[in-house]
Amino acid sequence: MGSGLLYVQAAQCLGLQPITLSDNPSRYDNFGAKDVEAIRIDTDDLGALIRECSRLRETYDIAGITGAEDSFYATASKLCRHFDLPGPNPEAIEQCCDKYTQRQLLAASGVPIPAYRLAANAADVEHFAAEIGLPVIVKPAVGSGSVGVRLCSTTREVAEHTNYLLGGQHTWPTGPRILVEEFAQGPSYWTDTIGNEVIGIGMSHSGNDIYPAPLTEDKHERITDISLSCLRALGLGWGPAGIEIRWTKRGPVVIEVNPRLHGSPVPQLVRLAYGVDLITAHIKLAIGEEWDLRKRHSQTAAARCLVAHRGGTLDWIGGDSEAAAVPGVVEVKFYGQTQRPIFGKGDYRDYLGHVIAASSSLPRTEAILQRAVDLINWSITPLGGVS
């Protein structure tokens, strides 16, 4: 999953030569694209990246540097600054990627957010969960892809998840820091922004990601205003951002701000709904060219992510050809290979693929999507070998 291949393809369409840097190229399908140079390197080593980019400059004119994921985006911004290329403020990106610091900055600017506490040990987590009131979200202060994030409805679930995070099974980039947050209940929305402009608002509903979200004028205005407040509070006036929001009893509440585009399939949904290519716009921004965010048409797009709800080994998955043949289906994609482990932890590693559909109306799009999804099946052998 992810948007790496979309970035590679968009760069090629602009006449650019993509060069991709990764510590493990086999993880990404974009390295299998035609005419793409892949370089294996430790992407956590800024010095090594600077030396590699300096070496590449002996052969190429480097037009721009960017990254599609949280883990590399801050580093990419530092490379941009070092080589005097267009890019976001590295300090703004880093403080946004630290969810605790992000919470503090949003709260200081009056942006409505869930109640939260920062814990360093199990006793703190238990105390703060009781103080905030169950249910709560327990998650690492730094991370992405929902890894280590869990909704805990009981004190037992809080204890179990805390033990998982602190017991050696979770990998911490720095010392363990756990956020305990109020569970903001209500419909889930997201906004996509570039610069200081909100491109559109999507909605997650009944397992589908819908674009654009069906909103009243008042709700649309309030979500737009709160999104722009987030950008100002976090210093994200350059480049893309993805903002996650819940509409609660007290109105819109910001769950998280990502200093990057939302991952696939959101960029495809925006393009289908509005004719706006967010990835091409981001690349043009990164190479110092003019970018175009004008909406060219209006229709409703929706995606369903195919999610495994238990751990084990993925034996097989099929039905993609049949699903892709359904009129109105735009894309069917499976992630990774069969015989791979499924972790069953509720994060991105449980995603098996996605289906995207588009039409002139929301009911028709959702009906097309359901018809296609019903044609897809898979089998997972649980750990222990009992099917």
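In what follows, residues are counted from 1 in the order of the sequence shown.
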(message) Less than 4.0 angstrom from a charged side-chain N to a carboxylate O is my criterion; do E91 and R81 meet it?
(response) yes
(request) Answer yes when R246 and E256 have at least one side-chain N-carboxylate O distance shorter than 4.0 Å, and no when they do not. (result) no
(message) Is it the case that the side chain of R222 and the backbone of K219 share a donor-acceptor pair, with hydrogens and angles ignored and the cut-off at 3.5 Å?
(response) no
(message) A side-chain contact here means heavy atoms from C-beta on lying under 4.5 Å apart; do I39 and E37 qualify?
(response) yes
(request) Ignoring hydrogens and angles, tell me if any N or O in the side chain of T300 forms a donor-acceptor pair with the backbone of S361 under 3.5 Å. (result) no
(message) Quick one, D350 with H309, criterion side chain to side chain donor-acceptor pair (under 3.5 Å). Give me CA distance, side-chain angles, the key distance, then yes/no.
(response) CA-CA 7 Å; D350 296 339; H309 295 294; over 6 Å; no
(message) Taking the side chain as everything from C-beta on, heavy atoms only, tell me whether R250 gets closer than 4.5 Å to V253.
(response) yes
(request) With the side chain counted from C-beta on, respond yes when W238 and N89 share a heavy-atom pair under 4.5 Å apart, and no when they do not. (result) no
(request) Check each of L234, V257, D98 against L105 using the side chain to side chain contact (heavy atoms under 4.5 Å, CB included) test, and report the only one that passes. (result) L234
(message) Is it the case that the side chain of H297 and the backbone of L272 share a donor-acceptor pair, with hydrogens and angles ignored and the cut-off at 3.5 Å?
(response) yes
(message) Quick one, K99 with E181, criterion salt bridge (charged side-chain N to carboxylate O under 4.0 Å, His left out). Give me CA distance, side-chain angles, the key distance, then yes/no.
(response) CA-CA 11 Å; K99 295 178 175 61; E181 296 182 346; over 6 Å; no
(request) Please step through side chain to side chain donor-acceptor pair (under 3.5 Å) for the pair Q268 and S264, ending with a clear verdict. (result) CA-CA 7 Å; Q268 296 99 304; S264 177; 2.9 Å; yes
(message) Testing R304, K333, E331 one by one against H354 for a side-chain hydrogen bond (donor to acceptor under 3.5 Å, both in side chains), which residue passes?
(response) E331
(request) State, to 0.1 Å, how close A323 and V329 come at their nearest heavy-atom pair, and which atoms those are. (result) O-CG2, 3.5 Å
(message) Taking A74's backbone N and O only, do any of them form a donor-acceptor pair with S77's side chain (distance below 3.5 Å, no angle check)?
(response) yes
(message) With a 6.0 Å cut-off (strictly less than), is the heavy-atom count around CD of E290, excluding the residue itself, greater than 12?
(response) no
(message) Could you check whether any side-chain N or O of T338 sits under 3.5 Å from a backbone N or O of W316, counting only pairs where one atom can act as donor and the other as acceptor?
(response) no
(message) Determine whether a donor-acceptor pair (N or O, by modelled atom type, separation under 3.5 Å) exists between the side chain of H161 and the backbone of G148.
(response) yes
(message) Does either side chain, that of R57 or that of S54, offer a donor lying less than 3.5 Å from an acceptor on the other one?
(response) no
(message) Tell me whether R364 at atom CZ has more than 12 heavy atoms from other residues, nucleotides or ligands lying less than 6.0 Å away.
(response) no
(message) Within the 3.5 Å criterion, strictly below it, is a donor on Y73 or N258 matched to an acceptor on the partner's side chain?
(response) no
(message) When you compare the side chain of P267 with that of S3, does any pair of heavy atoms fall below 4.5 Å?
(response) yes
(message) Tell me if the CZ atom of R296 is crowded by more than 12 foreign heavy atoms within 6.0 Å.
(response) yes
(request) Please tell me if the side chains of V180 and I132 come closer than 4.5 Å, counting only heavy atoms from C-beta onward. (result) yes
(request) Please answer: with hydrophobic residues joined when any side-chain heavy atoms are less than 4.5 Å apart, are V266 and L285 in the same cluster? (result) yes
(message) If you apply the rule salt bridge (charged side-chain N to carboxylate O under 4.0 Å, His left out), what do you find for R55 with E58, and how did you get there?
(response) CA-CA 6 Å; R55 183 189 69 80; E58 297 174 2; over 6 Å; no
(message) Within the structure provided, determine whether I50 and F83 are in side-chain contact (heavy-atom separation under 4.5 Å).
(response) yes
(request) Could you tell me whether the side chain of I226 reaches within less than 4.5 Å of the side chain of P112, counting heavy atoms only? (result) yes
(request) State whether the side chain of E182 and the backbone N or O of A115 hold a donor-acceptor pair below 3.5 Å, judged by distance alone. (result) yes
(request) Considering only Ile, Leu, Val, Met, Phe, Trp and Tyr, and joining two whenever side-chain heavy atoms are under 4.5 Å apart, list the other residues clustered with F183. (result) I137, V149, L151
(message) Side chains of S153 and L134, heavy atoms from C-beta outward: is any pair under 4.5 Å?
(response) no
(request) Might you work through the side chain to side chain donor-acceptor pair (under 3.5 Å) test for E160 and Y164, ending with a clear yes or no? (result) CA-CA 6 Å; E160 287 175 348; Y164 166 78; over 6 Å; no
(request) Please assess T313 against T381 for the test side chain to side chain donor-acceptor pair (under 3.5 Å), listing each intermediate value before the final yes or no. (result) CA-CA 5 Å; T313 301; T381 298; over 6 Å; no
(request) Give the ring-plane orientation class for Y211 versus W190, where under 30° counts as parallel, over 60° as perpendicular and anything between as tilted. (result) tilted
(message) Taking the cut-offs as 6.0 angstrom to the six-membered ring centre and 45 degrees off its axis, would you call R349 and F343 a cation-pi pair?
(response) yes
(message) Let me confirm one number: the CD1-CG distance from I342 to D315, rounded to the nearest 0.5 Å.
(response) 10.0 Å
(message) Donor-acceptor pair, distance only, cut-off 3.5 Å: does the side chain of Q102 make one with the backbone of C96?
(response) yes
(request) Could you list all the salt bridge (Lys or Arg N to Asp or Glu O under 4.0 Å) pairs where at least one residue sits in residues 117-128, not counting sequence neighbours? (result) R117-E131
Donor-acceptor pairs under 3.5 Å, side chain of residues 198-207 to any protein atom, not counting sequence neighbours: which ones?
{"unit_1": "S204", "atom_1": "OG", "unit_2": "D209", "atom_2": "OD1", "d": "2.9"}

